[in-house]
Amino acid sequence: QVQLVESGGGLVQAGGSLRLSCAASGRIFSFNAMGWYRQAPGKERELVADITSGGRTNYADSVKGRFTISRDIAKNTVYLQMDSLKPEDTAVYYCNAEQIWPRGVYWGQGTQVTVSS
């Protein structure tokens, strides 16, 4: 069993910054990828950013240049630095992790990010 615990969400003004973190614990051998998704009211959940064990990153076009994903492999923790936040970034942000063995895909509980204009 794997648990993902998120922190760092909150309320911020447009143009401000937040840093999200997600720490994984449990039966972990090695994650091949970790990432962040978000879901706004009335919209589908979408990928924001992810990072592989080799350090390769991927970003949604809407956040590229403003958000930065990073990870600490030893701590099984992934971070999302969010700069120049916009009201349209308002959503519930979910941490995601995947490992090959034991095979599994895991989700955090979600953390609310609200950006005021």
Side-chain angles (χ1 to χ4, degrees):
Q1 189 175 10
V2 174
Q3 295 80 229
L4 304 179
V5 180
E6 301 157 323
S7 62
L11 175 64
V12 66
Q13 292 184 341
S17 298
L18 285 173
R19 190 189 191 220
L20 306 182
S21 64
C22 173
S25 63
R27 193 164 183 261
I28 302 166
F29 181 75
S30 180
F31 289 127
N32 61 288
M34 298 186 75
W36 293 92
Y37 289 70
R38 68 185 182 187
Q39 186 169 23
K43 297 183 178 180
E44 296 183 350
R45 187 174 299 187
E46 63 175 349
L47 175 68
V48 177
D50 60 18
I51 185 167
T52 69
S53 60
R56 185 169 298 169
T57 59
N58 180 49
Y59 297 92
D61 288 341
S62 60
V63 307
K64 193 172 297 183
R66 299 188 297 119
F67 292 9
T68 303
I69 189 169
S70 61
R71 87 283 191 229
D72 185 328
I73 296 176
K75 295 181 179 179
N76 289 313
T77 300
V78 65
Y79 306 92
L80 186 68
Q81 178 66 43
M82 304 185 293
D83 298 321
S84 302
L85 282 162
K86 304 174 180 179
E88 49 263 46
D89 294 318
T90 296
V92 177
Y93 284 70
Y94 297 90
C95 181
N96 170 267
E98 178 184 279
Q99 65 179 355
I100 296 174
W101 193 93
R103 186 176 183 86
V105 179
Y106 310 95
W107 293 91
Q109 77 285 355
T111 184
Q112 178 70 47
V113 172
T114 302
V115 184
S116 62
S117 60

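Numbering starts at 1 and runs along the sequence shown.
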Atom pair [atom1]/[atom2] of [X] and [Y] - distance to nearest 0.5 Å:
{"X": "Q109", "Y": "C22", "atom1": "CD", "atom2": "SG", "answer": "8.0 Å"}
{"X": "N58", "Y": "D50", "atom1": "CG", "atom2": "CG", "answer": "5.0 Å"}
{"X": "M82", "Y": "R66", "atom1": "CE", "atom2": "CZ", "answer": "9.5 Å"}
{"X": "Q99", "Y": "N76", "atom1": "CD", "atom2": "CG", "answer": "8.5 Å"}
{"X": "I69", "Y": "Q81", "atom1": "CD1", "atom2": "CD", "answer": "12.0 Å"}
{"X": "I73", "Y": "I51", "atom1": "CD1", "atom2": "CD1", "answer": "8.0 Å"}

Let me check something: do M34 and I28 share a hydrophobic cluster, defined by ILVMFWY side-chain heavy atoms less than 4.5 Å apart, either directly or through other members?
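Yes, it is one cluster - the side chains of M34 and I28 are joined through contacts under 4.5 Å.
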
Honestly curious: do V48 and V12 fall in one hydrophobic cluster under the side-chain, below-4.5 Å linking rule?
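Yes; V12 is reachable from V48 via cluster members.
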
Give me each pair satisfying ring pair (Phe, Tyr, Trp, His ring centres under 6.0 Å) with a member in residues 69-101, each pair once, sequence neighbours excluded.
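Sorted result for residues 69-101: F29-W101.
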
Sequence neighbours excluded, every pair satisfying ring pair (Phe, Tyr, Trp, His ring centres under 6.0 Å) that has a member inside residues 34-73
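Output for this query lists Y37-W107.
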
Taking all non-hydrogen atoms of both residues, which atom of [X] and which atom of [Y] are closest, and how far apart?
{"X": "S7", "Y": "S21", "result": "OG-OG, 2.7 Å"}
{"X": "L80", "Y": "A49", "result": "CD1-CB, 4.4 Å"}
{"X": "A40", "Y": "A91", "result": "N-CB, 3.9 Å"}
{"X": "R27", "Y": "P102", "result": "NH1-CG, 3.0 Å"}
{"X": "G9", "Y": "L20", "result": "N-CD2, 3.5 Å"}

Considering only heavy atoms from C-beta outward, does the side chain of V78 approach that of C95 to under 4.5 Å?
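Heavy-atom side-chain distance check passes, below 4.5 Å.
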
Pairing of K86 and D89 as salt bridge, 4.0 angstrom limit:
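Answer for the salt bridge query: no.
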
Between [X] (side chain only) and [Y] (backbone N and O only), is there a donor and an acceptor less than 3.5 Å apart?
{"X": "E6", "Y": "G110", "value": "yes"}
{"X": "T90", "Y": "V115", "value": "yes"}
{"X": "R71", "Y": "S53", "value": "yes"}

CG of L11: more than 12 outside heavy atoms within 6.0 angstrom?
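Enclosed: over 12 neighbouring heavy atoms sit under 6.0 Å from CG of L11.
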
